[in-house]
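Encoded as structure tokens, the structure appears first; notes follow it.
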Amino acid sequence: MQINVSQLLKSTIGVKREYAIDSTIDLLDDGNVTSIRGNIELIRTNRGILAKGTLHSEVTLDCSRCLCIYNCPLTINLEEEFFPVIDVVSGTSLPAPEEPDSFQIDEHHILDLRDAVRQNALLALPMKPLCREECAGICPECGSDLNRGLCQCANENIDPRWSKLVESLKTSNKHKEVE
Ligand SMILES: [Zn+2]
Ligand SMILES: [Zn+2]
């Protein structure tokens with residue numbers, strides 16, 4: 001995720017380099033380090049280097065319905081320009097670009113993708129995290145995980161027209177247990 005770009009900085013505008021990323025990163029800064037893979041293209045621009053590509057990783061999230069912790073795959077699209085802090089040929093420091101939160105290439109000509117990747121990962125997070133599309137959530141009454149089956153509350157709130165059927169199911173279940 002840290003690439004020495006001194007050669008690319010010496011190249012003419014439009015020159016491209018491809019990098020295969022196969023690394024690890026703590027995407028959400030929460031102590032969960034996951035693998036990250038993909039391809040990044042670095043392109044020399046008039047002011048610096050444009051990093052462009054798609055990376056695949058995953059983050060640990062809380063399901064918004066059942067509150068369980070699950071691994072959510074994440075596709076991170078990156079397109080950020082990085083600006084050198086010093087001139088690669090003369091070694092003199094360069095004025096900071098007008099954009100306030102722009103990404104920098106440090107004085108050793110290292111382009112560090114990690115902050116840019118983290119920022120773009122935040123944009124890729126789901127608005128409503130779900131452990132799976134059909135997650136049943138938790139019972140608002142007793143808090144039990146409905147993915148593991150219905151709780152007692154479901155029986156109490158059942159439509160009276162169905163209660164006979166529920167009762168007979170219960171008794172047949174009991175018979176099974178006895179067997
Ligand atoms: Zn869930
Ligand atoms: Zn319940």
Side-chain angles (χ1 to χ4, degrees), residues 1-3 17-43 49-82 99-104 110-179:
M1 305 288 271
Q2 291 146 296
I3 304 166
R17 291 269 161 80
E18 267 232 27
Y19 290 87
I21 304 288
D22 187 354
S23 188
T24 55
I25 190 169
D26 180 357
L27 269 183
L28 303 181
D29 236 338
D30 59 0
N32 289 307
V33 178
T34 49
S35 65
I36 184 160
R37 287 192 185 89
N39 290 301
I40 291 288
E41 203 173 45
L42 299 184
I43 306 153
I49 288 173
L50 179 71
K52 210 173 145 182
T54 303
L55 297 168
H56 302 277
S57 185
E58 63 174 26
V59 287
T60 309
L61 296 178
D62 297 326
C63 174
S64 60
R65 271 190 209 150
C66 74
L67 313 177
C68 77
I69 294 167
Y70 73 103
N71 288 332
C72 173
L74 220 57
T75 300
I76 303 154
N77 292 311
L78 195 76
E79 188 167 347
E80 300 285 356
E81 196 170 11
F82 290 72
E99 297 89 331
D101 296 316
S102 58
F103 298 103
Q104 293 185 330
I110 300 294
L111 186 157
D112 190 341
L113 287 168
R114 290 176 299 182
D115 276 346
V117 168
R118 281 195 196 100
Q119 284 187 22
N120 284 278
L122 293 181
L123 301 176
L125 289 178
M127 299 282 274
K128 202 168 176 280
L130 287 179
C131 61
R132 52 201 165 94
E133 203 64 51
E134 68 284 1
C135 171
I138 58 171
C139 170
E141 301 284 327
C142 71
S144 58
D145 185 352
L146 298 178
N147 293 312
R148 293 191 194 134
L150 289 180
C151 56
Q152 287 306 309
C153 316
N155 289 341
E156 282 158 24
N157 297 333
I158 210 130
D159 189 311
R161 282 169 295 178
W162 292 102
S163 57
K164 256 195 183 149
L165 177 65
V166 171
E167 279 310 312
S168 70
L169 283 174
K170 270 188 194 166
T171 26
S172 71
N173 276 343
K174 265 181 202 143
H175 283 283
K176 267 181 209 152
E177 277 164 30
V178 173
E179 285 162 20

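For ligands, and for the atoms within them, numbers begin at 1 and follow the listed sequence.
Remark: at the Zn ion (ligand 2), atom SG from C139 and atom SG from C142 enclose 120°, rounded to the nearest 10 degrees. Computed with the Zn ion (ligand 1) at the centre, the C63 SG to C135 SG angle is 110°, stated to 10 degrees. Seen from the Zn ion (ligand 2), atom SG on C153 and atom SG on C151 lie at an angle near 110° (rounded to 10 degrees).
At least one donor-acceptor pair closer than 3.5 Å links the side chain of S64 to the backbone N or O of P129.
Under 3.5 Å, the side chains of Q119 and D101 contain no donor-acceptor pair of N or O atoms.
When the options I138, D145, D62 are evaluated for a side-chain contact (heavy atoms from CB on, under 4.5 Å) with L67, the one that passes is I138.
Side-chain atoms of T75 and H56, non-hydrogen and from C-beta on, do get closer than 4.5 Å to each other.
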